[in-house]
Each structure stands twice: as structure tokens, then as C-alpha cells.
Amino acid sequence: METRVAEIADRIYRLSTFLPAVGPKGFTFNQFLVDADEPLLFHCGQRALFPAVSTAVARLMDVRRLRWIAFSHVESDECGALNEWLAAAPEATATHGAIGCAIWLNDQAPRPPRALANEEVLDLGGRRVRRLDTPHVPHCWDAGLMLEETTGTLFCSDLFTHVGDPPAMTDGDILGPAEAAENQFGFTGVTPATGPTIRRLAALKPRTLAVMHGSSFSGDGGALLEHLAGFYEDRLKKGA
Ligand SMILES: [Fe+2]
Ligand SMILES: [Fe+2]
């Protein structure tokens, strides 16, 4: 198992592990490293991936420099290896939204997490990440995303999930493959709040979408998010 590294925005790195046996065409599991004075890792990966992903981080910097470990929601691909990362990086603090800390991290993490309020900014020194509460989008009550403000990079978690092993970065169509994956797997719990939540993200006009499963996207992220919101609103109308 190998984790590949690609820089998708200035000092933001995609760490991608392709698992060919998952789903019909295989599936990528992507973590993102924000290199700053206080480096932040977004998504931990599953525990089984930790040796490969931590080896990839070590190619970029000393893993012990990590100061923040963040993720969207409690699932194994998002945060399964959290405790392994906290052990490897003794100065690192896990950070999550207030709900996620209350329902899980305060109890399960080996050291106290830092709860971030909705819209709260973490200044990493050279990079700034803003926490965005997005309950149940893509799924789970504790869900939230992060925007890195200096590069306009939105860490999308499972939004825009698509299968296979496409290129690290594209300016082409990821919406079609993402809609196909949603139609096949139904991983988003679509509610009346789904469309408005995604439109709120669109208004941030991200220039890079850091996608957890599939290619990251460079271009008009706001327009793409508007289309995605429309897709879910249509599903809700059809009761699909
Ligand atoms: Fe998920
Ligand atoms: Fe995921």
C-alpha cells in the first residue's frame, strides 16, 4: 500500500491512498496536510492506513511538527487513526466542532481536544483555517468542513465523492462522477437543510476543492457547489 503526495494549493498537500478492492472501481482515501508554522492534518485515515500515510507525511516534514489534527465527522476514514497521530505527534491537539467534542472526542481522545465554534478561525501562522459547522452534511450530526482562507481551499470531506483512481487535481468535471456515486451509494442523508448548507459553502467561492475520495478540483468551486446543492434539492423533491 502506497500513499502518494501532490501539492494541490500553495503548501497544501493531498496524501492519497488507492484501495482497489473497495467498491466497483476502487476508491481513494485522501488526507490533506496544511504546511504552516503550526501544521494541520485534515482527516486521519483508517488505522490500517496509518503506516503508509505517516510515511508520506514524513517525506514532507517531521511528523512531530504536527500541531493540529482535524476532520469532518466521526467515521473510520475521517478519524480512525486519530490516536496513532496523537501518539506520533506529542504536541498535536485534536480539534473539532463543539458537538463532535461533546458526543465523542471529550470521552475518546487521549488528551483534551480544542472545540471550535462555527466560523471560528484557527491561525496556523501563514495559513488560516475556518471551521464551518455543517450538521448532517455530508452526514453525521457532528459534521463540519474547513476553509483555508489564504488559498481559498475548501476541505470538502465526502462532498463530491467519486470512485476510481482519478488524477490528484483536475479542472474538469467532477460533478457528473460525484452524482453517479451518490446515486449508487446514497451516502448523504438528504434533508431540507442540505441544499441551503451547501449554498452557504458556495458563497465562500473556494478556488480549490480538496475532495476526500477522488480528484481535487481547481476552478470555480462556488459554481460547482451551487450545482451540487441543486442536485440534492432535486433528489429531495423527487423523494429519491
Ligand atoms: Fe463520511
Ligand atoms: Fe470519507
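Start at 1 with the first residue, then count along the sequence. Each ligand, and each atom within it, is numbered from 1 in the order the structure gives.
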Considering only NZ, NE, NH1 and NH2 on the basic side and carboxylate oxygens on the acidic side, decide whether E149 and R130 come within less than 4.0 Å.
yes
Hey, what's the ring geometry for H213 with F29, parallel, tilted or perpendicular (30° and 60° as the breaks)?
perpendicular
Co-members of V34 in a cluster of I, L, V, M, F, W and Y side chains, linked at under 4.5 Å
I8, I12, F32, L40, F42, W68, L116, L122, L124, V129, M146, F155, M169
Quick one: name the protein N/O/S atoms under 2.8 Å from the Fe ion (ligand 1), chain by chain.
H73 NE2, E75 OE1, H139 NE2, D158 OD2
Got an N, O or S from H43 under 2.8 Å of the Fe ion (ligand 2)?
no
For M212, the other hydrophobic cluster members (4.5 Å side-chain criterion, sorted by chain and number) are none
For C79 and H73, the nearest pair of non-hydrogen atoms, with its separation, is SG-O, 4.0 Å
Go through the structure and list residues passing salt bridge (Lys or Arg N to Asp or Glu O under 4.0 Å) with D37, not counting sequence neighbours.
none
